[in-house]
> 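Below is one structure. I have some questions about it.
Below, chain A is the first sequence line, B the second, and so on; all start at residue 1.
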2 protein chains.
Amino acid sequence: MAAMTASEKPRPAGTAGLRHSLLGEDLSFLLARANALSLTAANSALAEHGLKARSFSVLALAVYDTRPTQRELAEFLRLDPSQVVALIDDLEKRHLVERRTDPADRRANVLVATDAGRALFARAQESARAAEADLLAGVTPEDRQRLARILRLLAFPD
Amino acid sequence: MAAMTASEKPRPAGTAGLRHSLLGEDLSFLLARANALSLTAANSALAEHGLKARSFSVLALAVYDTRPTQRELAEFLRLDPSQVVALIDDLEKRHLVERRTDPADRRANVLVATDAGRALFARAQESARAAEADLLAGVTPEDRQRLARILRLLAFPD
DNA sequence: TATTGTTATACTCTATAACTATA
DNA sequence: TATAGTTATAGAGTATAACAATA
């Protein structure tokens, strides 16, 4: 450890100082960092079920009764349609979901969950909920509701 | 368009139905979708300055006076130290930042912005602000403050 | 002609391990 | 012995264009 001379201004140690920098006030950055932490926690919680946030989301939409087409999944999850193919391929190989051709438009595949898919989803959802609860430990119930409401405005701006 | 028989339940068209599914209520998903939109908007706004959200963040922290080490940058931005190397390499080649070896610890590099870096940052920040304002168009000033406060709890949970 | 799903491909991003110089 | 930065590399994620089947 070198001695500090008068000409060397002391540097604030650690990342605590950065938190009060320009970026620490920036909404986009806070959003990105909060999301990164949330995603990491979710992926690690879902790993024991052989899922990630992506495949969990697809499974969730299959379990729900709207029977989305792959195109709708892609738009909703903000993925390219070609990525949805790979995600569904994996889930279908594991017999968690099935592709059914939409009788109203035979070009389109409608996604439905199998019983095994519903069962796995129920278990995975518990893990995801626990991880989310952990992430939200420092946030009051009122603030959680506020956060959800405001994020919905950002996520669906129409 | 095939005629619909009685046995075929009508499928809600479009993604509007998905919004009220299990996922549409999920905070992690809303966070991910809001962040995806924010990131896309930021990257496209910063492109004219030759920056992306990542390099803009690094530049912002260099401009700010805390003179962070690369290690601190990596931790704060949740990047691997090896990724920070590449980001700084690019900015340094463009003479926007400089690496200075920390006199207190000659292993560490401290990042400082050049005058050109500060000038570019000021311009880029304007573009970023405009993009963020656009994203937040539907959110009241009170809700923006609430959002920032709550996101800070999630982003820095200590 | 336009759209859905698919395939192929390239590009970026991310994660890991090893190396060097300093501590 | 441990840490900061660097390099190399492989894996995951992303974006784009072209194709077959259907509208």
Side-chain angles (χ1 to χ4, degrees), chain A residues 1-4 11 13-15 32-33 35-37 39-40 42-44 46-47 50-58 67-93 97-111, chain B residues 1-4 11 13-15 32-33 35-37 39-40 42-44 46-47 51-55 57-58 67-93 97-111:
Chain A
M1 176 69 167
M4 186 162 48
R11 218 179 51 72
T15 58
R33 197 174 208 274
N35 180 57
L37 292 171
L39 188 62
T40 301
N43 278 337
S44 114
L46 292 168
L51 297 172
K52 297 187 176 186
R54 283 286 161 74
S55 43
F56 176 77
S57 299
V58 171
R67 284 169 300 164
T69 66
Q70 297 188 193
R71 220 71 190 189
E72 289 164 355
L73 283 176
E75 185 186 341
F76 191 66
L77 298 176
R78 288 190 59 80
L79 298 173
D80 192 89
S82 64
Q83 301 176 245
V84 174
V85 171
L87 283 167
I88 298 183
D89 280 353
D90 174 62
L91 293 174
E92 199 169 32
K93 265 176 213 142
V97 302
E98 283 174 10
R99 282 183 244 238
R100 303 229 181 110
T101 77
D102 185 351
D105 181 346
R106 300 193 32 242
R107 294 172 302 180
N109 291 333
V110 161
L111 194 66
Chain B
M1 175 71 166
M4 186 160 49
R11 217 179 50 75
T15 59
R33 197 174 206 274
N35 179 58
L37 292 171
L39 188 62
T40 301
N43 278 338
S44 114
L46 292 168
L51 296 172
K52 297 188 175 184
R54 283 285 160 74
S55 43
S57 299
V58 171
R67 284 170 300 164
T69 66
Q70 296 187 196
R71 220 70 189 192
E72 289 163 356
L73 284 175
E75 186 186 341
F76 192 66
L77 299 175
R78 289 190 57 82
L79 299 173
D80 192 88
S82 64
Q83 300 177 245
V84 174
V85 171
L87 284 167
I88 298 183
D89 280 351
D90 174 63
L91 293 174
E92 199 169 33
K93 264 177 212 140
V97 302
E98 284 174 7
R99 282 184 244 236
R100 303 231 181 110
T101 77
D102 184 349
D105 182 345
R106 301 193 35 239
R107 293 173 302 180
N109 291 333
V110 161
L111 193 67

> With a 4.5 Å cut-off on side-chain heavy atoms, are B:R33 and B:L37 touching?
yes
> Are any of the side-chain heavy atoms of A:L46 and A:K52 separated by less than 4.5 Å?
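No, their side chains stay 4.5 Å or more apart.
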> Should B:N109 and B:T69 count as side-chain neighbours, where that means a heavy-atom distance under 4.5 Å?
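Of all side-chain heavy-atom pairs linking B:T69 with B:N109, none is under 4.5 Å.
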> Could you check how far CG of B:L77 sits from P of C:dT14, rounded to whole Å?
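My rounded result for the distance is 11 Å.
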> Under 3.5 Å, which donor-acceptor pairs link side chains of residues 81-90 of chain A to any protein atom two or more places apart or in another chain?
from  : atom 1 : to    : atom 2 : distance (Å)
A:S82 : OG     : A:D80 : OD2    : 2.7
A:Q83 : OE1    : A:D80 : N      : 3.1
A:D89 : OD1    : A:R99 : NH2    : 2.2

> Starting at CD of A:Q83 and ending at C1' of D:dT14, how long is that distance when rounded to a whole Å?
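The distance from CD of A:Q83 to C1' of D:dT14 comes to 5 Å, rounded to the nearest Å.
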> Ignoring hydrogens and angles, are the base of D:dT16 and the side chain of A:S82 linked by a donor-acceptor pair under 3.5 Å?
yes
> Does D:dG13 have its OP1 or OP2 closer than 4.0 Å to a side-chain nitrogen or oxygen of A:K52?
yes
> If only side-chain N and O atoms of A:R106 are considered, is one of them under 4.0 Å from the OP1 or OP2 phosphate oxygen of D:dA20?
no
> OP1 or OP2 of D:dA4 versus the side-chain N and O atoms of B:R99: is any pair under 4.0 Å?
no
> Would you indicate which nucleotide in C:dT4, C:dT7, C:dT6 comes nearest to any side-chain atom of A:N109?
C:dT6
> Find the distance A:L73:CG to C:dT4:P and express it as a whole number of Å.
13 Å
> Does A:Q70 make a side-chain N or O approach to OP1 or OP2 of C:dT6 shorter than 4.0 Å?
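For A:Q70, the contact criterion (side-chain N or O under 4.0 Å from OP1 or OP2 of C:dT6) is met.
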> Are any non-hydrogen side-chain atoms of B:V97 and B:V58 less than 4.5 angstrom apart?
no
> Picking from C:dG5, D:dA12, D:dG5, which would you name as closest to the side chain of A:A108?
C:dG5
> To the nearest Å, how far apart are B:D102 CG and C:dT22 P?
14 Å
> Look at all strands and tell whether A:D105 reaches a base, only sugar-phosphate, or nothing, counting heavy atoms closer than 4.0 Å.
sugar-phosphate
> According to a strict under-4.0 Å criterion, is A:R107 in side-chain N/O contact with OP1 or OP2 of C:dT3?
no
> Please report, rounded to the nearest Å, how far the P atom of C:dT9 is from the CG atom of A:D80.
17 Å
> Using a distance-only criterion (donor-acceptor N/O pair, under 3.5 Å, no hydrogens), is the base of D:dG5 paired with the side chain of B:R71?
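Pair found.
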> Where the side chain of B:L79 is concerned, which of C:dT14, D:dG5, D:dT16 is the nearest nucleotide?
C:dT14
> Rounded to the nearest angstrom, tell me the gap between atom CG in A:D89 and atom P in C:dA8.
12 Å
> D:dG5 C1' sits how many Å from B:E72 CD, rounded?
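Taking atom C1' of D:dG5 as the reference, CD of B:E72 is at 14 Å.
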> For the pair made of CZ in B:R54 and C1' in C:dC11, what is the distance, rounded to whole Å?
15 Å
